[in-house]
Colleague: 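Mind having a look at this structure? Questions to follow.
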Amino acid sequence: MTLSVITIDGPAGSGKSTVAKKLAERLNAGFLDTGAMYRAVTLASLKKEIDLEDENAILAVMDASDITFEIVSKSMAVTVDGVDVSDEIRKPYVTEKIKYIASAPAVRKRLIAMQREFAGAHGTIVTEGRDQGTEAFADAQHKFFLTADARERTRRRMADLEAAGQAVDIDELRLAIEKRDESDMTRQTGALRPADDAIIIDSTSIDLNGVVDLIIKYINAK
Ligand code: DC
């Protein structure tokens with residue numbers, strides 16, 4: 001089977017997870033949420049109480065932990081040492097610390113190898129994150145970069161968190177999103193940026209089904 005990769009990168013709350021999932025469903029393709037990988041390694045590192053600025057300690061946690069990623073009911077299910085942590089990894093105390101894991105180059109290298117392996121096991125795959133079009137799958141056939149203004153992204157994140165039963169203050173959330181944008185865009189490796197050949201879609205005033213339709217149009221036109 002020919003491997004066909006569709007990358008969707010973008011900042012927190014841009015809707016890329018929802019769009020990637022819906023797109024994968026429409027194309028009958030696999031789906032990879034790479035943020036879940038960074039989240040799982042962060043959670044495992046927090047559990048082991050290591051110094052998060054010590055890259056070798058993070059690598060040791062990765063060696064010592066059994067971390068699995070699987071598509072279950074069209075969503076990413078993540079386990080760490082046999083425990084399902086699919087919800088836990090989305091909690092703010094984990095999100096706050098991801099920047100340490102995301103800025104460790106050797107950790108990124110390993111996660112990218114895992115992403116390529118995951119993609120290899122699925123004929124066609126929609127993969128979303130920050131560096132999918134620039135680093136992990138620089139040769140992908142179809143690359144998209146999803147943006148939306150910070151106010152709309154905060155509103156979407158708030159709705160997701162509320163749906164998951166988590167209480168949040170909107171001003172704190174907006175600040176957290178802006179801080180995450182800053183650290184995602186300025187890290188030395190795997191920084192958030194559109195690939196030169198990515199199509200940029202601003203979803204501020206398009207609903208997410210509209211974005212999926214638009215992406216399918218671009219794919220079919222290529
Ligand atoms: O998409 P998300 O909010 O679940 O991602 C959480 C964090 O993980 C994000 O702020 C930065 C990091 N990340 C990354 O560095 N590279 C990726 N490909 C995906 C996520």
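Every number for a ligand or one of its atoms is a count from 1 in the order of the listing. Fair warning: this is a prediction, and the values are worked out from it, not measured in the lab.
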Colleague: Is it the case that the side chains of Tyr100 and Glu55 hold a donor-acceptor pair, with the cut-off being a distance below 3.5 Å and no angle test?
Modeller: no

Colleague: Got a salt bridge between Asp213 and Arg26, using NZ or NE/NH1/NH2 to carboxylate O under 4.0 Å?
Modeller: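 Here Asp213 pairs with Arg26 in a salt bridge, since their nearest N and O are under 4.0 Å apart.
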
Colleague: Which side-chain N or O atoms in residues 197-205 pair as donor and acceptor under 3.5 Å with protein atoms at least two apart or in another chain?
Modeller:
residue: Asp197; atom: OD1; partner: Lys143; partner atom: NZ; Å: 3.1
residue: Asp197; atom: OD2; partner: Lys143; partner atom: NZ; Å: 3.4
residue: Asp202; atom: OD1; partner: Thr204; partner atom: N; Å: 2.9
residue: Asp202; atom: OD1; partner: Thr204; partner atom: OG1; Å: 2.5
residue: Ser203; atom: OG; partner: Ser14; partner atom: O; Å: 3.3
residue: Ser203; atom: OG; partner: Thr147; partner atom: O; Å: 3.2
residue: Ser203; atom: OG; partner: Arg156; partner atom: NH1; Å: 2.9
residue: Ser203; atom: OG; partner: Arg156; partner atom: NH2; Å: 3.4
residue: Thr204; atom: OG1; partner: Asp149; partner atom: N; Å: 3.0

Colleague: Going by the rule side-chain contact (heavy atoms from CB on, under 4.5 Å), which residues pair with Ile50 if we only count those two or more places apart in sequence or in a different chain?
Modeller: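 Per chain and number, Ile50 pairs via side-chain contact (heavy atoms from CB on, under 4.5 Å) with Ser45, Lys48, Leu52, Ala57, Ile58, Val61.
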
Colleague: For a quick check: using heavy atoms under 4.0 Å, what are the residues in contact with ligand 1, sorted by chain and number?
Modeller: Lys16, Thr34, Gly35, Tyr38, Arg39, Arg90, Ile98, Ala102, Arg108, Gly129, Arg130, Asp131, Gln132, Arg157, Arg180, Asp184, Arg187

Colleague: Just wondering, are more than 12 heavy atoms of other shown residues or ligands nearer than 6.0 Å to CG in Asp139?
Modeller: no

Colleague: Hey, can you pull the donor-acceptor pairs under 3.5 Å for the side chains in residues 215-222, sequence neighbours left out?
Modeller:
residue: Asn220; atom: ND2; partner: Ile216; partner atom: O; Å: 3.4
residue: Lys222; atom: NZ; partner: Gln141; partner atom: O; Å: 2.5

